[in-house]
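To start, the structure itself, in structure tokens.
Computed from heavy atoms alone, side chains included, the values below leave out hydrogens, waters and symmetry copies.
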Amino acid sequence: MSSLPLPTTSWAPLLSPIHAPPETKMLDNHGLPQHVLVIGGGSEIVRALLGRLGAASLRSVLLLGPHPQSMTQTSTELLAAYPTLVVETRHLDLADTTTLDHRISEALASVQPLDAVIMGAGWLGMQSEDEQEPAKVAHSITVNFTGPAMALTHCANRLQTQGYGLIIVLSSVAGEQVRRSNYLYGAAKAGLDGFALGLADRLHPTVQVLVVRPGFVTTVMTKGRPTPPLSTTPERVADDIIRGITQHTTIVWSPRILRPIMMIYRHLPRVLVRRIPY
């Protein structure tokens, strides 16, 4: 994956907590966020999206996630391309539900103001191995559904109380029709997708919730796996997300051709679905 443009400019300092001037407390004229909280700050899709926002509206971002190296890469690329951007990274493990409430509450309190929350966390795992281990099944469901749902509830409460905002949830086409080849990941994403749609109805019209359903995305997470037809890239998904924000849609398919395909796929008999390798 290509990096963000890297001008020869020194990095902006990392600040903690993030506090921006009161007059910047708003989405820009196109509905794009200026101050963002990211859960899953090492995601390559998130990295590409923040790059797009950096060129248009972004002023500050707090990255939360369990992997310092990937978040550092995101921070480094953003600051190199946009040296006036304020970036901070903090540890957050969605699998640790005992500390999740405290860490999310702490993060929300430190971001003033807050325009948007991006839920980009996810764990694909190895279906053939994980399906036989109850602990790994629980881990997949916790990281891909339970933890994100808990975190999003905190974020939704904050944005609803302040009276405006945007929530972007990275779901997956895998959740539209759960398949044998990745039913652990697909089932968890199906849960998150439904939760996010319900959240969208709860928060409408005060807060926009955008549910993103990418197909197979070529990232480090999917490296080494067979590439199915209609695969996409983080950059293309990011472009589709920007389109969804500005058009005030609730569901974004990436690529868009997946929508009619999945409408047909959902109605196929199970005996046929079992034979599809992807």
Under the side chain to side chain contact (heavy atoms under 4.5 Å, CB included) rule, what do Val173 and Trp253 come out as? Steps first, then yes or no, please. CA-CA 8 Å; Val173 73; Trp253 297 84; 4.1 Å; yes
Shortest non-hydrogen contact from [X] toward [Y]:
X      : Y      : value
Asp193 : Ser171 : OD2-OG, 2.8 Å
Pro83  : Ala80  : CD-O, 4.3 Å
Leu32  : Ile245 : CD2-CG2, 3.8 Å
Ser172 : Tyr185 : OG-CE2, 3.8 Å
Ala151 : Ile39  : CB-CD1, 3.8 Å
Val87  : Ser75  : CG1-OG, 3.5 Å

Report yes or no: does [X] contribute a side-chain atom to a donor-acceptor pair with the main-chain N or O of [Y] at less than 3.5 Å?
X      : Y      : answer
Glu133 : Ala135 : no
Tyr82  : Gly51  : yes
His248 : Gly244 : no
Ser43  : Val46  : yes
Arg47  : Gly42  : yes
Ser110 : Ala107 : yes
Ser140 : Lys136 : no

[Y] and [X], any side-chain heavy atoms less than 4.5 Å apart:
X      : Y      : result
Leu192 : Leu170 : no
Ser70  : Glu44  : no
Thr250 : Val209 : no
Val212 : Val169 : no
Leu199 : Ile167 : yes
Thr249 : Leu210 : yes
Gln73  : Thr76  : no
Asp96  : Thr99  : yes

For side chain to side chain contact (heavy atoms under 4.5 Å, CB included), just list the numbers for Leu62 and Arg90, CA-CA rounded to whole Å, side-chain angles, deciding distance to a tenth of an Å, and then say yes or no. CA-CA 8 Å; Leu62 173 58; Arg90 294 186 190 179; 3.9 Å; yes
Output yes when Arg259 and Glu176 qualify as a salt bridge under the 4.0 Å nitrogen-oxygen rule, no when they do not.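 Between Glu176 and Arg259 there is no salt bridge, as every charged N stays at least 4.0 Å from the carboxylate O atoms.
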Ionic contact status for Arg243 with Asp240, cut-off 4.0 Å: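 Judged by the 4.0 Å cut-off on N to carboxylate O distance, Asp240 and Arg243 do form a salt bridge.
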Inter-residue atom distance [X].[atom1] - [Y].[atom2], 0.5 Å rounding:
X      : Y      : atom1 : atom2 : value
Leu85  : Leu78  : CG    : CG    : 6.0 Å
His154 : Arg103 : NE2   : CZ    : 13.5 Å
Leu64  : Met119 : CG    : CE    : 9.0 Å
Arg158 : Thr153 : CZ    : OG1   : 15.5 Å
Ile241 : Ser254 : CD1   : OG    : 7.5 Å
Met71  : Leu63  : CE    : CG    : 6.5 Å

Could you go through Leu50 and Val61, starting from their C-alpha distance and side-chain angles, then the distance that decides it, and tell me whether this counts as side chain to side chain contact (heavy atoms under 4.5 Å, CB included)? CA-CA 9 Å; Leu50 292 176; Val61 57; 4.2 Å; yes
Distance-only polar pair, side chains of Gln34 and Arg59, donor-acceptor under 3.5 Å: yes
Ser60 pairs by side-chain hydrogen bond (donor to acceptor under 3.5 Å, both in side chains) with which of Gln112, Glu88, His35?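 Single side-chain hydrogen bond (donor to acceptor under 3.5 Å, both in side chains) partner of Ser60 among Gln112, Glu88, His35: His35.
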When hydrophobic residues are tied together by side-chain contacts of less than 4.5 Å, even through go-betweens, does Tyr265 share a cluster with Ile257? yes
Does one hydrophobic cluster hold both Met262 and Leu230, with members joined at side-chain heavy-atom distances below 4.5 Å? yes
Which residues share a ring pair (Phe, Tyr, Trp, His ring centres under 6.0 Å) with His139, sequence neighbours left out: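 His139 satisfies ring pair (Phe, Tyr, Trp, His ring centres under 6.0 Å) with Trp123 once adjacent residues are dropped.
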His67 atom NE2, over 12 foreign heavy atoms within 6.0 Å: no
Answer yes or no: are there more than 12 heavy-atom neighbours, outside Arg266 itself, under 6.0 Å from its atom CZ?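 Counting neighbours around CZ of Arg266, more than 12 heavy atoms of other residues, nucleotides or ligands fall under 6.0 Å, so yes.
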Co-members of Tyr183 in a cluster of I, L, V, M, F, W and Y side chains, linked at under 4.5 Å: Val137, Ile141, Val178, Leu184
Side chain to side chain contact (heavy atoms under 4.5 Å, CB included), that's the test. Do Thr89 and Thr74 meet it? Break it down for me. CA-CA 10 Å; Thr89 64; Thr74 299; over 6 Å; no
